[in-house]
> 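This is the structure I want to talk about, given as structure tokens.
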Amino acid sequence: MYTAHPDRYADMPYRRTGRSGLKLPALSLGLWHNFGPDRPVETQRAILRRAFDLGVTHFDLANNYGPPPGAAESALGEALRADFAPYRDELVISTKAGYLMWPGPYGEWGSRKYVLSSLDQSLKRMGLEYVDVFYSHRPDPDTPLEETMGALHTAVRQGKALYVGVSNYSAAQTREAARILADLGTPLLIHQPRYSMLDRRPEREGLLDTLDELEIGSIAYSPLEQGLLTGRYLDGIPEDSRAASDSPFLNSDAVTGELVGRLRALAEVAESRGQSLAQLALAWVLRGGRVTSALVGASSPRQLEDSVAAIGNLDFDAEELARIDALVRP
């Protein structure tokens with residue numbers, strides 16, 4: 001029987017999400033491609049237990065995470081029953097709907113039919129009565145935003161979600177979504193954008209400014225840029241790496257000599273701070289408190305521990321930020 005570490009809240013910083021009362025850990029655990037049937041169950045459960053022992057109270061999922069789709073939610077459901085039943089009220093569990101989940105015209109995007117059906121399926125897979133945060137995973141170009149946001153509002157009214165969020169929405173779409181939800185009486189809690197030292201679109205395109213203005217929280221996904229910022233590619237492309245596989249998320253063409261040179265220079269900045277490149281990348285995303293939380297994945301408890309160690313140094317001086325900007329600004 002798992003018993004959580006008594007000092008699990010001693011070191012992790014928790015940040016208020018926008019203007020809400022909800023606080024999230026600076027680092028959250030994403031159950032993405034490391035939580036499917038091709039991974040040992042005991043490894044998955046060990047990662048979750050270690051995360052909670054380190055103060056990572058937020059587990060982030062989506063309906064289609066696995067593979068196959070739904071597998072990550074099923075894996076979490078098993079872990080919740082086996083290890084975390086006494087701790088449910090200490091956890092923030094989020095899931096999303098938006099990408100392809102089942103065949104036919106009602107299996108993806110943002111219709112009320114799909115969004116609410118997906119949430120019901122997610123709750124069954126996880127064995128939960130509600131999730132803490134339910135997201136629209138991507139905007140639907142063919143469904144009125146009022147319908148998608150209305151479905152999120154209904155999920156809250158039905159008691160199946162405590163808060164709602166959006167992911168992959170532009171600044172303008174986020175502003176309109178927040179307006180619609182405010183009129184309905186369900187505040188937009190949080191936005192989940194892709195954001196890293198190598199992908200600064202949320203800055204360039206005004207999304208972070210919009211979130212600041214509207215007092216909406218943010219949680220960055222892919223802060224390690226699909227592994228490019230973990231240090232694995234400092235000497236090229238390892239044979240067992242994601243870039244060497246047939247992954248749709250990172251291919252070998254992206255790992256150019258010019259990029260490797262920049263990664264090596266960033267690693268030197270990290271070393272001067274007493275951090276690994278991955279820790280530098282996470283600390284950079286979290287700098288200044290503008291981003292509420294950063295999502296990390298893990299294939300082992302040790303990898304998770306390395307990521308969590310980033311919270312030991314989240315401060316940057318002007319010279320460090322200037323060096324990083326010179327290396328990563330387009």
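Since we're looking at a predicted model, the values are computed, not measured. Hydrogens, waters and symmetry mates play no part in the numbers below; they use all other heavy atoms, side chains included.
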> I'd like to know if Glu319 and Arg323 make a salt bridge, using a cut-off of under 4.0 Å between side-chain N and carboxylate O.
no

> Is it true that atom CD of Glu271 has more than 12 heavy atoms of other residues, nucleotides or ligands lying nearer than 6.0 Å?
no

> Side-chain contact test, heavy atoms from C-beta onward, threshold under 4.5 Å: evaluate it for Leu128 versus Arg88 and give yes or no.
yes

> Considering only NZ, NE, NH1 and NH2 on the basic side and carboxylate oxygens on the acidic side, decide whether Arg204 and Asp199 come within less than 4.0 Å.
no

> Any side-chain heavy-atom pair from Trp102 and Ser118 closer than 4.5 angstrom?
yes

> Are any side-chain N or O atoms of Ser272 and backbone N or O atoms of Val269, one a donor and one an acceptor, separated by less than 3.5 Å?
yes

> Going by side-chain hydrogen bond (donor to acceptor under 3.5 Å, both in side chains), name the residues that satisfy it together with Tyr106, two or more places apart in sequence or in a different chain.
none

> Quick one: does any side-chain atom of Lys96 pair with a main-chain N or O of Leu61 as donor and acceptor, under 3.5 Å?
yes

> If we check side-chain contact (heavy atoms from CB on, under 4.5 Å) with Leu76, which of these qualifies: Phe84, Phe59, Tyr65?
Phe59

> Verify, without hydrogens or angle tests, whether Arg45 (side chain) and Asp83 (backbone) share a donor-acceptor contact under 3.5 angstrom.
no

> Please determine if Glu203 and Arg287 form a salt bridge, counting it only when a charged side-chain N lies under 4.0 Å from a carboxylate O.
yes

> Sequence neighbours left out, what passes side chain to side chain contact (heavy atoms under 4.5 Å, CB included) with Glu213? Give chain and number order.
Arg175

> Please answer whether the main-chain N or O of Glu108 pairs with a side-chain N or O of Tyr99 as donor and acceptor at a distance below 3.5 Å.
no

> Compute whether any side-chain donor of one residue and acceptor of the other, for Ser293 and Ser28, lie under 3.5 angstrom apart.
yes

> Do the side chains of Arg179 and Glu176 get close enough for a salt bridge, i.e. N-O under 4.0 angstrom?
yes

> Counting only heavy atoms not in Arg157, do more than 12 sit closer than 6.0 Å to its CZ atom?
no

> In the structure I gave you, are the side-chain heavy atoms of Arg262 and Leu198 within less than 4.5 Å of one another anywhere?
yes

> Donor-acceptor pair, Asp306 side chain versus Gln279 backbone, under 3.5 Å?
no

> Using only heavy-atom distances, determine whether the side chains of Tyr169 and Ser136 contain a donor-acceptor pair under 3.5 Å.
yes

> Quick one: do the Thr143 and Glu147 side chains pair a donor with an acceptor below 3.5 Å?
no

> Distance only, no hydrogens: is a donor on one side chain within 3.5 Å (strictly under) of an acceptor on the other, for Asn63 and Glu73?
no

> Side chains of Gln173 and Ser170: any donor to acceptor distance under 3.5 Å?
yes

> With no hydrogens and no angle check, is any side-chain donor or acceptor of Arg273 less than 3.5 Å from a backbone partner on Leu280?
no

> Counting neighbours of CD on Glu42 that are heavy atoms of other residues, nucleotides or ligands and sit closer than 6.0 Å, is the number greater than 12?
yes

> Checking Asp132 side chain against Ser94 main chain: does a donor-acceptor pair fall under 3.5 Å?
no

> Could you identify which residues cluster with Tyr163, counting Ile, Leu, Val, Met, Phe, Trp and Tyr as linked when any side-chain heavy atoms lie under 4.5 Å apart, either directly or through a chain of such contacts?
Leu22, Leu24, Val92, Tyr130, Val133, Tyr135, Leu162, Leu189, Ile190, Ile219, Tyr221, Leu295

